[in-house]
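Read the numbers this way: they start at 1 and go in the same order the structure lists the ligands and their atoms.
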Amino acid sequence: MQSRITRRAVVKGGLIAGAFIPAIGFLSETASAAALTPLDPKDPSAAALGFVADGTKVDAAANPTYKPTQKCGTCAQFQGKAGDATGGCNIFVGHSVPAGGWCKVYAPKPA
Ligand code: SF4
């Protein structure tokens with residue numbers, strides 16, 4: 001017995017797969033964001049890099065390179081999207097940081 005795959009079946013299958021693939025990506029992104037734990041400023045590595053959850057509370061005298069425009073949300077290490085309240089950080093793996101946070105290794109996202 002020989003089975004025939006029609007062009008209509010191939011197109012229909014492709015359309016169904018195309019509808020689900022973005023949904024799967026969204027679900028895995030949501031699940032991975034939920035798996036991150038908020039970075040505690042008292043964490044030894046966070047404290048060593050002067051991490052603060054609120055960038056307006058940076059001790060400017062102790063951090064002379066700090067500028068008020070520097071925030072996690074505009075840092076090259078921030079893994080969230082523009083407008084996200086929190087996101088992962090390449091430096092503090094497994095943790096999320098607030099978009100308004102800051103630490104000493106801040107570097108602006110490339111334009
Ligand atoms: S490396 Fe960037 S995103 Fe990560 S905590 Fe420091 S300033 Fe925020």
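- Near Cys75, meaning under 4.0 Å from any of its heavy atoms, are these atoms of ligand 1: 1 (S), 2 (Fe), 3 (S), 7 (S).
- Contact record, Ala99 with Asp84: CB-O, 3.3 Å, taken as the closest heavy-atom pair.
- No close placement of the Trp102 and Phe51 rings is indicated, their centers lying 6.0 Å or farther apart.
- With hydrogens left out, the protein atom closest to atom 6 (Fe) of ligand 1 is Cys103 SG, 2.3 Å, a heavy atom.
- Taking 2.8 Å as the threshold, Cys72 counts as a candidate ligand of atom 8 (Fe) of ligand 1, since one of its N, O or S atoms lies below it.
- Of all non-hydrogen atoms in Thr86 and Pro98, the two that sit nearest each other are CG2-CA, 4.0 Å.
- Annotation for ligand 1: atoms under 4.0 Å from non-hydrogen atoms of Ile91 are 1 (S).
- The minimum heavy-atom distance between Ser96 and Pro38, with the atom names listed, is OG-CA, 3.4 Å.
- Among all non-hydrogen protein atoms, the one lying nearest atom 4 (Fe) of ligand 1 is Cys89 SG, 2.3 Å.
- The ligand atoms of ligand 1 that sit less than 4.0 angstrom from a heavy atom of Val105 are 1 (S).
- The atoms of ligand 1 that sit less than 4.0 Å from any heavy atom of Phe92 are 5 (S).
- In plain terms, the two heavy atoms of Leu49 and Cys103 that are nearest each other are O-CB, 3.4 Å.
- When all heavy atoms of Gly87 and Phe78 are compared, the closest pair comes out as N-CE1, 3.4 Å.
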